[in-house]
Amino acid sequence: MRNTTKTLLMVSALMGISFSAAEANDTPATQSQRWWFDGRLRVETVDQNNGLRDANAITLRSRLGFQTDSYGDFGFLVEAENIFALQDDYNSTTNGQTDRGVVPDPEDTEVNRVQLTYNGFDDTRITLGRQRLLFDNARFIGNVAWRQNEQTFDALSVKNTSLQDTTIEVAYVSSVRRIFGPDSPNGTTDMRSPLIHVQYNGYDKAQVSVYGYFLDFEDAPDNSNQTLGFRIKGNSTVDKLPIDYVVEYARQLDYKSGVDAIDADYVHAGAGVKIGGIRVAIDYELLSGDGTYGFQTPLATAHAFNGWADLFLTTPAEGLADINVSVNAVVKGTKLRAVYHQFDADTGSQNYGSEINFIATRKFGERLSAGLKFADYSADERGVDTTKFWMWAGVKY
């Protein structure tokens, strides 16, 4: 990978004098924690066989937040975020460097979250303002925690746990603050969208979710769609071996002004077995497509699925079938994960390509963390050969 050695030397020096981030999902454990800080210093390189120059990015993401103790039944939270590029040889989507590979981490300073919470009703929390929304594994609704500028939602949300073993979450979203930042024309998506998610935990070894997401896009009404589905995640034991599994199905149709062509299915079936501290799993994920429309997940944490090289953030019209095998282990406190993907079309006989992923992460006490990550996509009949590498370190208070 060209320029990687130079970039790694720069980051190694910077990590010795700088602070960087924990996971983007980290929030204060209790309301008594009035202030918090987290940051993430990260190098990302992109090498693609498409004529573009390599991307070499070193970005520092910093967040500072404040949360009040409850005053009566009310609470208040505000969090500011800054992304600063220490090396900006990349196309951030807003910096004009269109001759380089894309790393969608533009420089910006913004209010990441600002929300008012009301807890005056039994077993109910009502939140108004800019907030995180994340349902199940973030396959449909998520905060895109991997990118330096996370995705947040301007919304009114209600979470209720009054039914035994049941969590009901309902939200009405007016806009989505996307990862591209406030300076991008794609930085904000306006919508009028109710979201419904119900999770039941009453079974001994299984968790069941049902959901309905009704996305009405103001700026792109033809894309408006509704997704109805269910997810079952559980575990069992076979011949003393711990087995885990997941089964999920969803149906996507047009909604409001959405075009009639919006008609697709989502299927996910997977199982894993843990042997001597090593977990091996196989998963099949289908986002169907008929050549005109492919199942879309515009509000998902899409990076976490279908390969970390991000070739399939948008589903092709012919659909996407992803068969992947993963191996997970912990070696002397370091978490390791390797994944192999095979990508094919749902409609037609296209073999899109294959991808290898690898990640290693480690925590150092309660506040420090670091990691390495690698993705290599080998194109067959879709996209181009793509190699990406990341290295990061973090601290949180």
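On a predicted model such as this, the values are computed, not experimentally measured, just so you know. When reading the values below, keep in mind they use all heavy atoms of this one structure, side chains included, and skip hydrogens, waters and symmetry mates.
Side-chain contact annotation: R34 with Q67, donor-acceptor N/O pair under 3.5 Å absent. Under 3.5 Å, the side chains of N160 and T124 contain a donor-acceptor pair of N or O atoms. Side-chain contact, E355 with N324: no donor N or O sits under 3.5 Å from an acceptor N or O. Side-chain atoms of Q252 and T227 include a donor-acceptor pair closer than 3.5 Å.
The CD atom of E107 sits 9.5 Å away from the OG1 atom of T59 when rounded to the nearest 0.5 Å. Annotation: the span from N119 atom CG to K159 atom NZ amounts to 11.5 Å, rounded to 0.5 Å. Taking CZ of F153 as the reference point, atom CG of N143 lies at 8.0 Å (rounded to 0.5 Å). Here the CG atom belonging to L60 is positioned 14.0 Å from the CD atom belonging to Q87, to the nearest 0.5 angstrom. Rounding to the nearest 0.5 Å places CD of E218 at 11.5 Å from NZ of K256. With values rounded to the nearest 0.5 angstrom, D216 atom CG is found 10.0 Å from N225 atom CG.
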Apply ring pair (Phe, Tyr, Trp, His ring centres under 6.0 Å) to F76 and F74, showing your working.
CA-CA 7 Å; F76 177 74; F74 290 92; over 10 Å; no
Apply side-chain contact (heavy atoms from CB on, under 4.5 Å) to residues E81 and R61 and explain how you reach the verdict.
CA-CA 7 Å; E81 178 182 75; R61 194 279 316 282; 3.9 Å; yes
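Between Y397 and F37, a ring centre-to-centre spacing not shorter than 6.0 Å is recorded. For Y255 and F214, the ring centers sit closer than 6.0 Å to each other.
Using a 4.5 Å heavy-atom threshold, the side chains of H268 and V247 count as separate. Using a 4.5 Å cut-off on side-chain heavy atoms (C-beta onward), P104 and F180 make contact. In this structure, the side chains of D385 and Q48 stay at 4.5 Å or more apart for every pair of heavy atoms. Counting heavy atoms from C-beta outward, E248 and I232 have side chains that stay 4.5 Å or more apart. Counting heavy atoms from C-beta outward, V46 and V102 have side chains that stay 4.5 Å or more apart.
Side-chain N or O atoms of S288 include none that pairs as donor or acceptor with a backbone N or O of A264 at under 3.5 Å. In this structure, the side chain of Q151 does not engage the main chain of V176 through any donor-acceptor pair within 3.5 Å. Remark: the backbone N or O of Q115 is not paired with any side-chain donor or acceptor of Q131 at under 3.5 angstrom. Distance alone, capped at 3.5 Å, places no donor-acceptor pair between the D254 side chain and the S257 backbone. Between the side chain of Q350 and the main chain of E381, a donor-acceptor pair closer than 3.5 Å is present. T167 places no side-chain N or O within donor-acceptor distance of the main-chain N or O of T161, the cut-off being under 3.5 Å. Remark: side-chain polar atoms of R113 are not paired, donor with acceptor, to backbone N or O of R130 under 3.5 angstrom.
Taking the six-membered ring where tryptophan is involved, the planes of H341 and F343 are essentially parallel, since the angle between them stays under 30° and well short of 60°. The aromatic rings of Y377 and F312 stand perpendicular to each other, their planes meeting at an angle above 60°, with 30° marking the opposite boundary.
Annotation: D204, atom CG; neighbour count of heavy atoms from other residues, nucleotides and ligands within 6.0 Å does not exceed 12. Atom CD1 of I356 has 12 or fewer heavy atoms from other residues, nucleotides or ligands within 6.0 Å. By the 6.0 Å contact criterion, CZ on F121 is open, its count of non-hydrogen atoms from other residues, nucleotides or ligands being 12 or less. Counting heavy-atom neighbours within 6.0 Å of Y203 OH, excluding the residue itself, gives a total of 12 or less. The environment of CZ in R362 is crowded: more than 12 heavy-atom neighbours from other residues, nucleotides or ligands sit within 6.0 Å.
For K373 and W308, the positive end sits near the middle of the six-membered ring, less than 6.0 Å away and at most 45° from its axis. For the pair R42 and W146, the distance from NZ or CZ to the six-membered ring centre is under 6.0 Å and the angle to the ring normal is within 45 degrees. Geometrically, R139 engages F305 in a cation-pi contact, judged by NZ or CZ lying under 6.0 Å from the ring centre and within 45° of the ring axis.
For the ring pair (Phe, Tyr, Trp, His ring centres under 6.0 Å) test with Y266, the passing option among Y249, F140, Y284 is F140; the others fail. Test K205, K274, R279 against D244 for salt bridge (Lys or Arg N to Asp or Glu O under 4.0 Å) and you get one pass: R279. Partner of R177 under the side chain to side chain donor-acceptor pair (under 3.5 Å) criterion, chosen from N112, D154, N149, T189: D154.
Residues F364 and A370 approach most closely at CE1-CB, 4.0 Å, considering heavy atoms. Minimum interatomic distance between A360 and L336 (heavy atoms only, all atoms of both residues): CB-CD2, 3.6 Å. In plain terms, the two heavy atoms of A300 and V144 that are nearest each other are O-CG2, 3.6 Å.
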